[in-house]
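Keep in mind it's a predicted model, so treat the numbers as computed, not measured.
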Amino acid sequence: MSDAKKPWGGRFEKSPSAFLEQYGASLMVDRRMWAQDIKGSIAHARMLAKQGIITSADADEIESGLNDVFRSISEGEFEFRIADEDIHMAIERTLTDKIGTAGGRLHTARSRNDQVALDTRMYCKDAAVDLIGHVNELRSALLHVAQEHHGVVMPGYTHMQKAQPVLFGHHLLAYYWMLTRDVTRLRHAYEAADVLPLGSAALAGTTFDIDRQFVADTLGFDAVGPNSMDSVSDRDFLLDLTYACTVGMVHLSRLCEELILWSTEEFGFITMDDSFSTGSSIMPQKKNPDFAELTRGKTGRVVGDLTGLLVMLKGLPLAYNKDMQEDKEGAFDAIDTFADGLRAMEGMISTMYVNTETMLAGAQGGFMAATDLADYLVGTGMPFRQAHEVVGRLVLKLEREGRTLQDMSTQEFLDTDPAFQADAIDSVDIYGVVARRVSVGGTGNDAVLDQLLVARDALAVDATWTEAHRD
Ligand code: ARG
């Protein structure tokens, strides 16, 4: 049995066992919300004084006491005790130990139910802004490499079979746009969290004449929650943020997969920097893309975090239930894992060596100009289905001979079909194949240069938002 006095001690004759005290505690998970808890309490105390619910003298004492607690936690001097159960009670108990009676007035017109919802929302807002910052750094790295190598031709794949040549810059920009949508999702999660729950008290509101708008303004919330029962039991903002992290990790895992493939001896498109590779304890020749593999693997954890949160919330009746204490561990893990994954990926992208020759050679092998050769025949008036057939037969013949379209002479084209003229050979030039794809969003050199401009503008807008929302 634990000796620590509980805030609800009045009604109880026995305390939980030491095991149950551990079992019921969330302090080790929610302690990271200490700064949000203190800021929220200061805003609450100021509001109570402004409304004449507590005296200004008490509010001043509370504020300076909380500032001391802030200092002791940020300097690593604070002693976290499991007996306090969670960060809210740890801070309030420490404050009351310090300043006495006034500390006992802080919890007027408030419950831990609206307090934990407040702290979690504030934490999520900060986390969303931080994550957007990391996403933007990775977007910037991708833009940089895409710009630098924008004219490099590589094979594009469907079904993991060589399909049509694309520009390396175009391929990288595909990931840039996935990450741009991640920013949109993170901003949505920020907005979902930007509603003040404090003032809902346990579930039904309070008898005190509080001013919720004042607290919202003090803490920078966009709106006040309109229903106290919803406010204490809503965790949609946490789902939104965890979902944004999950989709973001899925995006990273796809890029990881390509980096891993590209750095195989078989592909050889990139060489990972030594600082982002590891060796083998037995095979001296090995250079493994461990950090790409690890990030790909960690994606599974984050999918689990989202699933856990959804299942915990499923079927929960109104209003607060202790089940909800389980909401933070997975969400925090998703936030941390996505942030780390983004940092690792930013490093891998900005340090990798791009083997442009190997990429080009890969694009020249195979039959990736076949569609363009058929399009050439269409230009002479031949129906596309017939053109497809002519080129298909040519591919089959060349394949048997172990040759490619690039090995064909002008005479061989003329001999293949009467529709071919001397200029047919130009349509299989791999640079031409790429350059002709000038449709908006296509891989043509000019289209990619346009795309780079649009991408750069989008990043500048998102960077401005992030700076304006940093605490
Ligand atoms: N540690 C709790 C949580 O994370 C705080 C709210 C507890 N409220 C209560 N009435 N037990 O959800």
Side-chain angles (χ1 to χ4, degrees), residues 7 26 29-48 50-51 53 62 66 85-92 106-129 187-244 309 312-313 316-332 335 469 471:
S26 56
V29 172
D30 57 34
R31 56 184 272 182
R32 66 160 81 189
M33 305 196 300
W34 63 270
Q36 288 80 7
D37 194 77
I38 291 174
K39 284 180 197 164
S41 288
I42 290 175
H44 182 65
R46 284 187 195 164
M47 183 279 290
L48 291 176
K50 181 184 89 67
Q51 295 299 96
I53 299 167
I62 290 171
L66 284 171
E85 189 180 324
D86 59 26
I87 189 63
H88 325 293
M89 295 209 290
I91 290 172
E92 191 188 320
L106 171 61
H107 212 53
T108 313
R110 183 176 82 166
S111 152
R112 269 188 302 153
N113 298 349
D114 56 348
Q115 188 180 356
V116 70
L118 173 73
D119 295 1
T120 313
R121 282 174 180 270
M122 289 169 72
Y123 188 88
C124 283
K125 286 174 65 182
D126 293 344
V129 174
R187 272 174 70 162
H188 170 75
Y190 177 97
E191 282 156 20
D194 202 11
V195 180
L196 180 84
L198 202 71
S200 303
L203 78 164
T206 173
T207 55
F208 292 97
D209 176 28
I210 57 172
D211 183 347
R212 297 188 66 199
Q213 190 58 51
F214 173 86
V215 179
D217 294 341
T218 308
L219 294 174
F221 276 91
D222 184 50
V224 170
N227 181 304
S228 59
M229 295 181 81
D230 182 39
S231 288
V232 291
S233 53
D234 170 23
R235 294 293 183 273
D236 292 359
F237 64 97
L238 212 48
L239 281 174
D240 289 339
L241 185 56
T242 309
Y243 175 68
L309 187 56
M312 184 278 286
L313 289 167
L316 269 195
L318 293 176
Y320 179 83
N321 299 275
K322 183 79 167 178
D323 312 45
M324 292 165 75
Q325 180 166 288
E326 286 295 303
D327 62 354
K328 287 173 280 301
E329 195 167 357
F332 291 167
I335 294 166
H469 288 80
D471 212 1

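Val215 is linked by a side-chain contact (heavy atoms from CB on, under 4.5 Å) to Ala43, Met47, Leu196, Leu198, Leu219, counting only residues two or more places apart in sequence or in another chain. Not counting sequence neighbours, the partners of Ala319 by the side-chain contact (heavy atoms from CB on, under 4.5 Å) test are Leu203, Val232.
Side chain of Asn113 to backbone of Ala202: a donor-acceptor contact under 3.5 angstrom is found. Lys328 places no side-chain N or O within donor-acceptor distance of the main-chain N or O of Ser26, the cut-off being under 3.5 Å. The closest donor-acceptor contact from the side chain of Asp30 to the backbone of Asp86 lies at 3.5 Å or more, if one exists at all.
Between Phe237 and Lys125, the closest side-chain pair of non-hydrogen atoms is not below 4.5 Å. In this structure, Lys50 and Phe214 have side chains that are in contact, with non-hydrogen atoms separated by less than 4.5 Å. With a 4.5 Å cut-off on side-chain heavy atoms, His107 and Arg110 count as touching.
Tyr190 and His469 have perpendicular rings, their planes meeting at more than 60° on a 0 to 90° scale where under 30° would count as parallel.
At a cut-off of 3.5 Å, with distance as the only test, a side-chain donor of Gln36 or Asp126 sits close to an acceptor on the other residue.
No more than 12 heavy atoms of other residues, nucleotides or ligands lie within 6.0 Å of OH in Tyr243, so this atom counts as exposed by the packing criterion. Within a 6.0 Å sphere centred on CD of Glu329, other residues, nucleotides and ligands contribute 12 heavy atoms or fewer.
Rounded to the nearest 0.5 angstrom, Tyr123 OH and Asp37 CG are separated by 14.0 Å. With rounding to the nearest 0.5 Å, the separation of NE2 in His88 from CD1 in Ile38 is 12.0 Å. In this structure, CH2 in Trp34 is found 8.5 Å from NZ in Lys39, a value given to the nearest 0.5 Å. The line from CD of Gln115 to CD1 of Ile91 is 8.0 Å long, rounded to the nearest 0.5 Å. With rounding to the nearest 0.5 Å, the separation of CZ in Phe332 from CZ in Arg32 is 5.5 Å. In this structure, OG in Ser41 is found 7.0 Å from CG in Asp119, a value given to the nearest 0.5 Å.
Listed here is the closest heavy atom pair of Pro197 and Leu118: CG-N, 3.4 Å. Across all non-hydrogen atoms, the minimal contact from Asp194 to Gly220 is OD1-O, 3.5 Å. Shown here for Ser231 and Gly225, the closest heavy-atom pair between the two residues is OG-CA, 3.8 Å. Of all non-hydrogen atoms in Gly199 and Thr206, the two that sit nearest each other are O-CG2, 4.3 Å. Ile53 and Ile210 get closest at one heavy-atom pair: CD1-CG2, 4.1 Å. The shortest heavy-atom contact between Asp240 and Ala192 is OD2-CB, 3.4 Å.
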Exercise. Evaluate side-chain contact (heavy atoms from CB on, under 4.5 Å) for Ser233 paired with Leu316, printing each intermediate quantity in order.
Key: CA-CA 9 Å; Ser233 53; Leu316 269 195; over 6 Å; no
Exercise. Would you check, one step at a time, whether the test salt bridge (charged side-chain N to carboxylate O under 4.0 Å, His left out) holds for Arg112 with Glu85?
Key: CA-CA 12 Å; Arg112 269 188 302 153; Glu85 189 180 324; 3.3 Å; yes
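The list of salt bridge (Lys or Arg N to Asp or Glu O under 4.0 Å) pairs with a residue in residues 212-237, not counting sequence neighbours, reads Arg121-Asp234, Arg235-Asp327.
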